[in-house]
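Quick notes on the structure that follows.
We name chains A, B, ... by the order of the sequence lines, and we start the count at 1 in each one.
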Number of protein chains: 2
Amino acid sequence: MNRQAPTLEDVAREAGVSRATVSRVVNGVRNVDPAIQDLVRLAIERTGYAPNRAARSLVTRRTGTVALVVSGAGDTSEQEQNAFAARVFADPFFGRVVGGVVGFLRPRATHPVLMFAESPEARGEVLRYLRQGNADGALVVSTHPDDPLPALLADAGLPAVLFARPVRPVALSHVDLAHWDGGRLAAERLLARGCRKVATVSGPWAVAASQERLAGFRDTMARGGHPYVPVAEGGFTLDSGVAAMTGLLAEHPDLEGVFAANDLMAQGVCQVLRERGRRVPGDVAVVGFDDSSVAATCRPPLTTVRQPVEDMAAAMARLLDEHIRGLRDEPASVLFEPELVVRESA
Amino acid sequence: MNRQAPTLEDVAREAGVSRATVSRVVNGVRNVDPAIQDLVRLAIERTGYAPNRAARSLVTRRTGTVALVVSGAGDTSEQEQNAFAARVFADPFFGRVVGGVVGFLRPRATHPVLMFAESPEARGEVLRYLRQGNADGALVVSTHPDDPLPALLADAGLPAVLFARPVRPVALSHVDLAHWDGGRLAAERLLARGCRKVATVSGPWAVAASQERLAGFRDTMARGGHPYVPVAEGGFTLDSGVAAMTGLLAEHPDLEGVFAANDLMAQGVCQVLRERGRRVPGDVAVVGFDDSSVAATCRPPLTTVRQPVEDMAAAMARLLDEHIRGLRDEPASVLFEPELVVRESA
DNA sequence: CCGAGGGCATAGAGCGCTCTCCCGACCCCA
DNA sequence: TGGGGTCGGGAGAGCGCTCTATGCCCTCGG
């Protein structure tokens with residue numbers, strides 16, 4: 001970068017061949033004499049050559065970069081943008097997404113650019129970024145059902161893959177979890193433990209996943225002879241879990257089991273129960289959702305419905321890669337199955 | 001990206017001016033007749049033009065991208081790389097770093113590329129990435145004192161800024177916290193509460209910050225008339241906090257105050273204390289460090305030494321920006337002051 | 001012995017942009 | 001009115017790479 005980086009031309013001169021030959025050696029090789037290959041490789045070594053990506057992507061029209069976009073709802077103010085980023089990262093869920101994405105991209109010499117799109121300007125920035133060819137496509141994790149970004153990307157014809165099926169249909173690939181089955185697993189666990197009086201802390205109503213988890217839970221409870229299940233709506237945060245549980249416990253002091261739609265809320269549920277003198281799982285069994293890191297470190301460790309986030313993120317990256325390489329034209333969707341992880345809380 | 005994106009040439013034709021003029025308008029430089037400016041802007045609007053970044057950075061030698069590198073110790077195996085990413089993100093600390101960095105970069109139309117450098121190959125990848133001109137510089141957060149990456153970057157003459165002063169001196173700018181003062185604040189708080197028997201759970205010995213926090217704490221306690229302070233070494237994780245506190249409590253059952261070198265460990269300390277029947281802060285006062293998100297959500301909420309991570313991260317980004325733009329030649333260091341945040345635990 | 005054919009290398013034309021000249025028009029003042 | 005200065009715009013040379021077209025040479029069939 002600093003003092004005149006060596007160019008293909010320099011290497012060619014050093015090796016006594018032409019620029020094109022060096023280029024062939026550097027990239028996947030097409031018929032180059034092995035002796036010359038070695039010669040070139042030696043010259044590359046000696047000059048410390050590193051291909052300039054700008055020049056390369058100028059002609060290949062590929063950047064080896066994808067945008068990893070966390071997009072929010074509508075219209076966050078300038079001041080809140082930092083907070084948004086911090087909040088997103090505070091959720092252990094997102095770390096797993098990054099882990100899965102990086103795991104897939106790394107062997108493909110591709111790198112994720114982190115972007116936040118929680119305001120109209122930020123969304124415009126994402127679109128511009130892609131249209132300028134800064135990145136080949138976008139992996140989008142929406143934190144809000146009304147997120148307009150997917151539609152914008154689809155309209156612009158930009159390659160993109162979503163985490164979770166969008167509420168409004170959009171012509172983009174996505175990966176998702178069989179949330180209904182997750183709810184079912186939680187219900188089955190509580191039923192198997194013999195819990196009679198059972199309640200649930202759901203995710204936000206507007207989020208499709210919340211509704212599906214809830215439906216799976218309720219349907220299964222009903223089938224198991226418990227047609228009525230009190231529900232309190234939470235917001236996927238610890239605080240909201242505390243609030244929801246406080247309300248539930250006030251109305252139903254005799255609860256024996258609780259299903260919280262994510263681990264953070266389950267943690268809040270446990271806190272409230274303990275503060276109210278209930279033992280978990282002795283008096284009340286608690287099932288969480290996600291199998292995030294808190295599930296294991298929480299006291300007591302949470303029995304939870306595992307969402308294979310890393311695999312899902314990797315699948316996202318794979319789908320995007322296929323779209324970018326033109327191997328896939330039509331939007332596809334990949335559905336993952338949840339799994340019950342039994343620890344101590346239920 | 002898809003069907004022939006419009007080029008500068010197209011816009012120029014549309015506006016009836018030359019390529020150079022359009023370029024001038026786009027970059028907002030030099031004297032261009034306002035009337036023509038409007039003309040060009042209209043043409044840009046009509047064609048939907050977006051400057052191709054590859055072409056631009058080919059000539060400017062700038063990418064508008066910086067690498068945000070989380071670098072680990074030595075030689076992590078391929079399988080553990082995902083885990084590394086997940087672990088890093090599980091630490092709420094890192095989310096704050098990202099928030100601060102993004103906050104600074106965003107107005108400057110710069111974006112962070114996320115990279116993990118926890119193995120020799122990964123480190124090579126980072127260097128190559130920078131030397132290829134994929135990014136203009138690197139923001140490095142080391143998770144291990146023996147991290148060789150800073151030296152590699154310095155040797156390669158690549159612009160980079162570190163979070164925390166490296167153990168071995170390296171010719172790179174960095175930001176850091178006055179850790180000694182942080183330890184002092186914690187000690188002063190415990191002294192002010194009248195705690196007699198006090199212990200501390202330190203961070204890993206190898207980490208300079210741990211030693212400084214410890215020194216500040218001990219020196220201040222000594223000055224306050226408590227020359228002997230039992231220490232247990234932790235690893236900045238919740239589990240290590242639990243283990244350390246278990247040991248301390250066994251040897252010193254009469255403890256009245258504990259300083260843990262980060263909030264995660266403080267949380268572990270509180271768990272152990274509660275399980276052993278001690279009330280916090282009634283029986284034992286606990287002071288944490290960082291003021292991370294767990295400090296507020298923990299039960300009880302932690303009194304802690306605040307590290308202004310977002311500001312520090314922003315300062316890192318600013319330093320890097322100055323290095324990249326050539327405004328700053330010599331390595332600089334910026335030191336931040338910690339601050340006591342009083343909640344309930346002490 | 002000659003021409004066809006194939007492996008291997010080179011030449012050279014861009015990719016889309018910036019930026020340095022350079023030139024024409026206009027202004028000011030003598 | 002003319003000379004020097006300034007301002008606004010155009011022409012064109014690359015930036016470093018890929019890739020197609022082309023050419024060389026060696027082998028082999030006729």
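Within the 4.0 Å cut-off from OP1 or OP2 of C:dC15, not a single side-chain nitrogen or oxygen of B:N52 is found. OP1 or OP2 of D:dG10 lies within a sub-4.0 Å distance of a side-chain N or O belonging to B:T21. Using a 4.0 Å cut-off, some side-chain N or O of B:T7 falls inside it from OP1 or OP2 of C:dC17. Dashed line: the shortest gap from a side-chain N or O of B:S23 to OP1 or OP2 of C:dC17 is not under 4.0 Å. Contact annotation: A:R19 side-chain N/O to C:dG12 OP1/OP2 distance is not under 4.0 Å.
Annotation: of the two residues near DNA chain D, B:G16 and B:V59, the 5′-most nearest-nucleotide partner is B:G16. Toward the 5′ end of DNA chain D lies the nearest nucleotide of B:P34, the other residue of the pair A:R56 and B:P34 mapping further downstream.
The side chain of B:S18 has D:dG10 as its nearest neighbour among D:dG10, D:dC17, C:dC17. For A:A20, counting side-chain heavy atoms from C-beta on, the closest listed nucleotide (D:dC15, C:dA11, D:dC17) is C:dA11. Which of D:dG16, C:dC17, D:dC17 sits closest to the side chain of B:R61 comes down to D:dG16. Closest to the B:D33 side chain, of the nucleotides D:dC15, D:dG9, D:dT18, is D:dG9.
Direction of the helix axis in the helix from C:dC1-D:dG30 to C:dA30-D:dT1 shifts by 50° between the two five-pair termini, rounded to 10°.
Counting to the nearest Å, the P atom of C:dC15 and the CZ atom of A:R62 are 19 Å from each other. What separates OH of A:Y49 from C1' of D:dG16 is a distance of 7 Å, to the nearest Å. When the P atom of C:dG16 is taken as reference, atom CG of A:N134 falls 15 Å away, rounded to whole Å. One can place CG of A:L8 at 13 Å from P of D:dC15, the figure rounded to the nearest angstrom. Separating the CG atom of A:L58 from the P atom of D:dT18 is a distance of 11 Å, rounded to the nearest angstrom. Atom CZ in A:R131 sits about 12 Å away from atom P in C:dC17, given to the nearest Å. Going from atom CZ of A:R13 over to atom C1' of D:dG16 covers 13 Å, rounded to whole Å.
Contacts of A:R53 with the nucleic acid, taken as non-hydrogen atoms under 4.0 Å apart, are absent.
For B:S119 and B:E121, the side-chain atoms include at least one donor-acceptor pair closer than 3.5 Å.
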Pairs under 3.5 angstrom only: tabulate donor-acceptor contacts from the side chains of residues 160-175 of chain A to other protein residues two or more places apart or in another chain.
| from | atom 1 | to | atom 2 | distance (Å) |
| --- | --- | --- | --- | --- |
| A:R165 | NH2 | A:E212 | OE2 | 3.0 |
| A:S173 | OG | A:H323 | NE2 | 2.6 |
| A:S173 | OG | A:A332 | N | 2.7 |
| A:S173 | OG | A:A332 | O | 3.3 |

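B:E118 and A:R106 are joined by a salt bridge, as a carboxylate oxygen and a charged side-chain nitrogen come within less than 4.0 angstrom of each other. Salt-bridge formation is not detected for the pair B:E45/B:R41: no Lys NZ or Arg NE/NH1/NH2 atom is positioned less than 4.0 Å from an Asp or Glu carboxylate oxygen. Using a 4.0 Å cut-off between charged side-chain N and carboxylate O, A:R13 and A:D10 make a salt bridge.
Here the CD1 atom belonging to A:I324 is positioned 7.5 Å from the OG1 atom belonging to A:T110, to the nearest 0.5 angstrom. Rounding to the nearest 0.5 Å gives a distance of 5.5 Å between CZ of B:R328 and CG of B:L319.
One can find a donor-acceptor pair under 3.5 Å joining the base of D:dG10 and the side-chain atoms of B:R24.
Every residue meeting the ring-ring contact (aromatic ring centres under 6.0 Å, His included) condition with A:F94, not counting sequence neighbours, appears here in chain and number order: A:F89.
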